[in-house]
Amino acid sequence: MIFFKSASTGGKGVDVIIDTIGGNTLSDSGRILSQMGQVVTVVDLEKPQNLIYAWGKNATYHFVFTRQNRNKLDEITKLVETNKLKPVLNKVFLLSEISKAHSLLENKVGDKNFYGKIGIEIDK
């Protein structure tokens with residue numbers, strides 16, 4: 001999850017967030033969402049979410065329920081493969097460094113401005 005407004009957006013925030021993780025992503029997404037931004041989640045909600053950070057931004061939240069429906073994830077895959085959706089691979093760790101990757105994702109250890117996805121490379 002991104003917790004800052006990147007310079008690449010001119011400080012306005014991001015227009016779309018796609019939540020494939022769950023947890024507090026919906027609650028935290030409003031922190032970096034632009035005015036009229038949209039949040040899409042493809043995970044089941046485990047607990048109620050506080051959307052206070054999106055207050056005043058006229059945000060739109062979309063809930064795509066994928067339980068027992070692999071087709072939705074296949075559609076997202078097609079969007080990625082046709083470059084209509086471009087995930088940000090920000091950092092790659094070796095499998096032997098998996099604990100560092102986990103710490104970065106959960107607590108931003110080592111990079112307080114981390115955003116995007118992490119890749120894991122299998123050690124040779």
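If you read the sequence from its start, that first residue is 1, and numbering goes on from there.
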Discussion item. I'd like to check the salt bridge (charged side-chain N to carboxylate O under 4.0 Å, His left out) partners of Asp111; sequence neighbours left out, ordered by chain and number.
Written reply: none
Fill in: Euclidean distance, Asn107 CG relative to His102 NE2, rounded to 0.5 Å
8.0 Å
Worksheet entry | Joint cluster assignment, Tyr53 & Leu33, ILVMFWY side-chain distance < 4.5 Å | no
Worksheet item: What distance do Ser99 atom OG and Leu104 atom CG have between them, rounded to the nearest 0.5 Å?
Response: 11.5 Å
Worksheet item: Are the side chain of Lys57 and the backbone N or O of Gly37 linked by a donor-acceptor pair below 3.5 Å?
Response: no
Practice prompt. Tell me who clusters with Val92, hydrophobic residues only, linked when side chains sit under 4.5 Å apart either directly or through other members.
Written response: Leu89
Worksheet item: Under 3.5 Å, is there a donor-acceptor pair between the side chain of Asn50 and the main chain of Ile52?
Response: yes
Worksheet item: Are Val64 and Val80 co-members of a hydrophobic cluster defined by side-chain heavy atoms under 4.5 Å apart?
Response: yes
Worksheet item: Closest heavy-atom contact between Tyr61 and Gly30?
Response: OH-N, 4.2 Å
Item to complete: With sequence neighbours excluded, tell me which residues meet side chain to side chain contact (heavy atoms under 4.5 Å, CB included) with Leu79.
Response: Lys84, Leu85
Fill in: Donor-acceptor side-chain pairing of Ser34 and Asp15 below 3.5 angstrom
yes
Response to the item:
One should read off an interatomic distance between Asn71 CG and Thr77 OG1, to the nearest 0.5 angstrom, of 11.0 Å
Item to complete: Under the side-chain hydrogen bond (donor to acceptor under 3.5 Å, both in side chains) rule, collect the residues that match up with Asn90, sequence neighbours excluded.
Response: none
Worksheet item: Can you name the residues that form a side chain to side chain contact (heavy atoms under 4.5 Å, CB included) with Lys100, not counting sequence neighbours?
Response: Phe93, Glu97
Discussion item. Please find the pair of heavy atoms, one from Asp19 and one from Thr41, that lie closest to each other, and give the distance.
Written reply: OD2-OG1, 2.9 Å
Fill in: His62: side chain to side chain contact (heavy atoms under 4.5 Å, CB included) partners, not counting sequence neighbours
Gln38, Val40, Thr60
Worksheet item: Given side chains that start at C-beta, do those of Leu26 and Leu51 come closer than 4.5 Å, heavy atoms only?
Response: yes
Item to complete: May I ask whether Val109 and Ile98 are part of the same hydrophobic cluster, defined by side-chain heavy atoms of I, L, V, M, F, W, Y residues being less than 4.5 angstrom apart, directly or through others?
Response: no
Discussion item. Test of understanding: with side chain to side chain contact (heavy atoms under 4.5 Å, CB included), list the residues that count as partners of Thr20, not counting sequence neighbours.
Written reply: Ile18, Val42, Lys117
Worksheet item: Considering residues at least two apart in sequence or located in another chain, which fulfil the side-chain hydrogen bond (donor to acceptor under 3.5 Å, both in side chains) criterion with Asn58?
Response: none
Worksheet item: Taking 4.0 angstrom as the limit, do Glu75 and Lys78 come out as a salt bridge?
Response: yes
Worksheet item: Taking side chain as C-beta onward, heavy atoms only, is Thr25 less than 4.5 Å from Gln49?
Response: no
Practice prompt. Go through the steps to decide whether Leu105 and Phe114 satisfy the test side chain to side chain contact (heavy atoms under 4.5 Å, CB included), and finish with yes or no.
Written response: CA-CA 8 Å; Leu105 277 176; Phe114 177 79; 4.1 Å; yes
